Participant: 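Take a look at the following structure, please.
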Amino acid sequence: MKDSKDEQAGPNGVTINGESSAKRKSRSKSAEGGTAAASKRSGRSQARTVTVVDVAEEAGVSIATVSNVLNRRDVPLSDEVIRKVEEAAGRLGYRKNRMAASLSKQRTNELGMLIPGFDSYFGKLAEEMENLAHRCGYHLSVFSSRSNAAKEKRHIEALLERRVDGLFCHGLTMSHDSIRRLVGSETPIMLFNAWEWPTDAALGIVNLDFYAACGQAVRYLQEKGCRTFVYLGAAGAEATDRQRRSGFLDAAKSLPDSVNVHVVEMSQSSLEEAIEEIAGFARNDSAGPVGIVGFDDSTAFRIMMKLVEKGFAVPEQFKVIGINDEGYARDCYPSMSTFAIPHKSQAKLMIEWLLTHLGEERKLEEAGLETFRPPAGVKERHIPVTLVARMSTEGRG
DNA sequence: CGCACCGCTGGTATGCCGTA
DNA sequence: TACGGCATACCAGCGGTGCG
């Protein structure tokens with residue numbers, strides 16, 4: 001569909017010298033009873049930017065018609081008027097004043113997003129979200145907080161001061177009560193990767209299902225002949241770790257009693273100490289290979305490389321699975337099995353959920369997206385992640 | 001002097017009514 | 001039907017005014 005708003009943008013700083021008659025007319029009312037401050041302000045704008053008033057005058061139509069042409073294509077308009085307004089806007093280099101429009105509509109068409117950092121998965125997710133938001137006529141501002149509660153508060157305050165129409169936040173470091181007090185009820189907030197968060201803290205929560213993934217990893221390793229299972233924990237990551245750890249441990253409970261299950265706390269021991277401990281499992285526990293599930297790719301990768309360096313065989317003695325599907329998991333040798341994160345479907349669901357809530361069904365449709373209304377009472381959705389099997393569990397083919 | 005209150009300002013969107 | 005014209009709302013800050 002043709003979008004006049006995209007075409008009318010002119011060179012920045014295009015100005016009109018001297019006032020239009022419509023402008024003079026509208027100003028004259030206040031100027032008569034005007035204050036000193038008012039005349040000072042009007043004197044300041046010797047060169048001002050192009051407004052709808054100028055476009056209306058240039059096109060020979062009313063301001064209402066300009067507004068209708070540029071914003072409301074559903075009102076009856078002749079092709080001739082549309083053409084005249086679009087040409088006038090183009091000639092003058094008219095650029096919509098978002099601040100004024102927001103003031104009038106009580107909508108800024110701005111969305112805010114808070115992520116822990118721009119690296120790997122979060123960067124990809126933010127980029128996808130920005131693309132989708134743009135397609136729907138929204139602008140997305142993304143801030144990174146490095147999981148620092150004070151920084152989170154500062155960024156959220158800044159976004160709320162900009163009157164964003166909605167917020168996307170990862171599982172924050174700040175308390176649930178703090179975010180509720182901070183955001184209030186006026187601004188809808190979508191949480192993502194917010195495990196263990198109460199569902200009433202947000203409009204909705206979109207979580208990646210790492211619990212199921214870690215359970216799947218255990219069963220998959222069992223099928224591959226593993227009799228010893230190790231989870232490489234990152235206790236410092238709190239809820240993120242707890243979700244993966246409980247998925248691993250709960251799945252391990254359903255394994256036969258003869259298997260051995262261990263958790264190695266990576267944050268509490270050096271890499272050498274961790275390798276020593278893990279190597280011990282291979283010697284002591286069983287004749288089968290040891291299955292290792294890492295908290296993430298980075299953790300799994302460091303352990304796998306160290307095992308190879310020490311002369312252990314991957315995947316014959318140790319089978320390793322990470323989480324995140326970082327580029328190096330594919331490119332290293334042996335290539336590492338991992339879980340791919342469907343950041344595109346996660347981003348799509350979050351945008352669709354929030355914009356449906358904002359009543360933007362039409363924009364979603366125009367952008368080729370769908371509306372999303374969760375069933376009554378449902379406020380949390382899980383996005384499944386996909387196992388990508390590679391050499392570290394499958395062998396060298 | 002300090003304070004409270006009022007009116008005005010910026011630019012746009014939109015509803016309603018009038019008119020050709 | 002296809003416009004024009006007008007009024008109003010939106011928000012935050014500033015200046016003016018009146019009062020104690």
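Everything numeric here is computed off the predicted structure, so don't read it as measured data. Chain letters run A, B, ... following the sequence lines, proteins first, then strands; residues in each count from 1.
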Participant: Which whole-number value in Å describes the distance from Asp165(A) CG to dC10(C) P?
Facilitator: 16 Å

Participant: Mind calculating the distance between CG (Asn68(A)) and C1' (dA2(C)) to the nearest angstrom?
Facilitator: 11 Å

Participant: Rounded to whole angstroms, how far apart are CD1 on Ile63(A) and P on dT14(B)?
Facilitator: 14 Å

Participant: Name the pairs: protein N/O against N/O of nucleotides 17-20 of chain B, kept only if under 3.5 Å.
Facilitator:
none

Participant: How would you list, by chain and number, every residue that makes a salt bridge (Lys or Arg N to Asp or Glu O under 4.0 Å) with Glu157(A), sequence neighbours excluded?
Facilitator: Lys153(A)

Participant: Applying salt bridge (Lys or Arg N to Asp or Glu O under 4.0 Å), can you list everything that pairs with Lys306(A), at least two apart in sequence or on another chain?
Facilitator: Glu272(A), Glu309(A)

Participant: In chain order, what residues pass the side-chain contact (heavy atoms from CB on, under 4.5 Å) check against Tyr328(A), with sequence neighbours excluded?
Facilitator: Asp297(A), Ser298(A), Phe301(A), Glu326(A)

Participant: Centres of the His262(A) and Phe281(A) rings: under 6.0 Å?
Facilitator: yes

Participant: Got a sec, which residues hit salt bridge (Lys or Arg N to Asp or Glu O under 4.0 Å) with Arg390(A), two or more places apart in sequence or on another chain?
Facilitator: Asp325(A)

Participant: If you look only at pairs with a residue in residues 357-382 of chain A, which of them pass as a ring-ring contact (aromatic ring centres under 6.0 Å, His included), with sequence neighbours excluded?
Facilitator: Trp353(A)-Phe372(A)

Participant: Would you say dT12(B) has OP1 or OP2 under 4.0 Å from some side-chain N or O of Tyr94(A)?
Facilitator: yes

Participant: Residues two or more places apart in sequence or in another chain: which of them pass salt bridge (Lys or Arg N to Asp or Glu O under 4.0 Å) with Glu128(A)?
Facilitator: none

Participant: Have a look at the helix from dC1(B)-dG20(C) to dA20(B)-dT1(C) and give the angle its two end axes make, five pairs each, rounded to 10 degrees.
Facilitator: 40°

Participant: How would you list, by chain and number, every residue that makes a side-chain contact (heavy atoms from CB on, under 4.5 Å) with Asn148(A), sequence neighbours excluded?
Facilitator: Ala150(A), Lys151(A)

